[in-house]
Novice: 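Got a structure for you, questions after.
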Amino acid sequence: MEKQKSYDVGIKAGNEGKAVTRRKISTQDMVLCGVFTTLIAVGAFIKVPVPVVPFTLQFLFTMLAGLLLGGRKGALSVGVYILLGLVGLPVFAEGGGFWYILKPSFGYLLGFMLAAYVTGRMVERKKKLLIGWVIAVNFLGLFIVYAAGMIYYYVICNYVIDTPIAIGPLFLYCFVLAVPGDICLCILAAILTVRVRPMFQKMLGAV
């Protein structure tokens, strides 16, 4: 059987016949990461028109990246998406460019990457997943996203762009009104993960 081409991303270290651990990203992994990077970009523009605060599907795809690809590759998918936006590609909800780091909402993007890594690491070693447990993991990811997003929002508004916002309004507009849609996406991501993950494990040779 022809061996799959792979790319080393670690440093080989060995001494007198000792086994060496090498981290590799295969061509297949790169393709899957690219697919999720694309889905995350597209998800930023797919709005669900619910009353008060419509939400996008971006959070869903960032969660699925970690849950299905694992923590490292899931975070890589989100990281590539962020990098593409920062170099100028219009993949963010309001365009792209390095100036985006001064937007108060940029912290949520960083939260996406961290949440994808944490949730991915929590599920990648589990052979069988229960929907309830995955929902709990996703709620942890949701907490990470909102914690990173709200802290960044507060710092940028109050100390960088001089548009002060108090804790009360920040909590109301950046959490209370925004979180219901993402809670629904946490549940949907858990259902999809439990159903689709066995196929991904076979595809990646994990089972």
Side-chain angles (χ1 to χ4, degrees), residues 33-67 69 71 73-120 135 137-190:
C33 287
V35 168
F36 273 95
T37 297
T38 303
L39 288 174
I40 293 166
V42 172
F45 299 95
I46 302 177
K47 291 187 177 181
V48 180
V50 297
V52 184
V53 181
F55 61 92
T56 72
L57 297 184
Q58 190 173 48
F59 177 66
L60 172 66
F61 292 129
T62 59
M63 285 288 96
L64 289 176
L67 295 171
L69 299 182
K73 292 190 284 281
L76 177 62
S77 299
V78 183
V80 170
Y81 164 73
I82 295 173
L83 182 61
L84 291 175
L86 290 178
V87 298
L89 294 182
V91 295
F92 296 148
E94 297 181 28
F98 192 73
W99 64 271
Y100 221 87
I101 64 172
L102 296 179
K103 285 188 65 63
S105 59
F106 184 72
Y108 290 96
L109 298 177
L110 300 178
F112 287 153
M113 184 167 63
L114 179 58
Y117 178 78
V118 172
T119 56
I135 290 175
V137 170
N138 287 347
F139 282 162
L140 173 60
L142 183 65
F143 173 81
I144 292 172
V145 169
Y146 275 88
M150 291 172 67
I151 292 171
Y152 195 92
Y153 199 106
Y154 184 85
V155 171
I156 293 294
C157 283
N158 287 280
Y159 302 105
V160 179
I161 61 176
D162 196 26
T163 55
I165 184 171
I167 296 294
L170 176 71
F171 185 75
L172 175 62
Y173 292 108
C174 296
F175 180 77
V176 175
L177 296 179
V179 77
D182 288 334
I183 290 176
C184 295
L185 294 180
C186 283
I187 298 171
L188 177 59

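Note that these values count all heavy atoms, side chains included, but never hydrogens, waters or copies made by symmetry.
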Novice: Looking only at non-hydrogen atoms, find the nearest pair between M150 and F175 and report the distance.
Specialist: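 Looking at all heavy atoms of both residues, the shortest contact is SD-CB, 3.8 Å.
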Novice: Looking at every non-hydrogen atom in both residues, tell me the closest pair between G43 and T56 and how far apart they are.
Specialist: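 Looks like O-CB, 3.3 Å.
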Novice: Could you tell me the separation between the SG atom of C174 and the CD1 atom of I151, rounded to the nearest 0.5 Å?
Specialist: 12.0 Å
Novice: Indicate every side-chain donor-acceptor pair of residues 77-92 with a distance under 3.5 Å to a residue at least two apart or in another chain.
Specialist:
unit_1: S77; atom_1: OG; unit_2: C33; atom_2: O; d: 3.4
unit_1: S77; atom_1: OG; unit_2: K73; atom_2: O; d: 3.0
unit_1: Y81; atom_1: OH; unit_2: Q58; atom_2: NE2; d: 2.6
unit_1: Y81; atom_1: OH; unit_2: V91; atom_2: O; d: 3.0

Novice: Considering residues at least two apart in sequence or located in another chain, which fulfil the ring pair (Phe, Tyr, Trp, His ring centres under 6.0 Å) criterion with Y108?
Specialist: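 Listed in chain order: Y146.
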Novice: Working to the nearest 0.5 Å, report the span between CG of L57 and CG of L188.
Specialist: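 It is 8.5 Å, given to the nearest 0.5 Å.
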Novice: With a cut-off of under 6.0 Å to the ring centre and 45° to the axis, is K103 in cation-pi contact with F106?
Specialist: no
Novice: As an exercise, state the distance from CD1 of I144 to CZ of F139, rounded to the nearest 0.5 Å.
Specialist: 14.0 Å
Novice: Kindly compute the distance separating OG1 (T62) from CG (L114), expressed to the nearest 0.5 Å.
Specialist: 11.5 Å
Novice: How about CZ on F143, more than 12 heavy atoms from neighbouring residues, nucleotides or ligands closer than 6.0 Å, or not?
Specialist: no
Novice: Identify the heavy atoms of Y100 and A93 that sit nearest to each other, and give their distance.
Specialist: OH-N, 3.8 Å
Novice: Which pair of heavy atoms, one from M63 and one from A116, lies closest together, and at what distance?
Specialist: CE-N, 4.3 Å
Novice: Could you give the distance from CG (D182) to CG (L60), rounded to the nearest 0.5 Å?
Specialist: 9.5 Å
Novice: Indicate yes or no: at least one non-hydrogen side-chain atom of Y152 is less than 4.5 angstrom from one of I101.
Specialist: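 Y152 reaches I101 side chain to side chain.
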Novice: Testing the basics here: between A189 and N138, what is the closest heavy-atom pair and its distance to 0.1 Å?
Specialist: CB-ND2, 3.7 Å
Novice: Which heavy atom of A190 sits nearest a heavy atom of I135, and at what distance?
Specialist: CB-CG1, 3.4 Å
Novice: Enter the distance from D162:CG to I156:CD1 here, rounded to the nearest 0.5 Å.
Specialist: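 If I round to the nearest 0.5 Å, the distance is 12.5 Å.
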Novice: Check whether any side-chain heavy atom of I165 lies under 4.5 Å from a side-chain heavy atom of Y173, and answer yes or no.
Specialist: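 I165 does not reach Y173 side chain to side chain.
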Novice: Hey, can you tell me if F112 and F59 have their rings parallel, tilted or perpendicular (30° and 60° cut-offs)?
Specialist: tilted
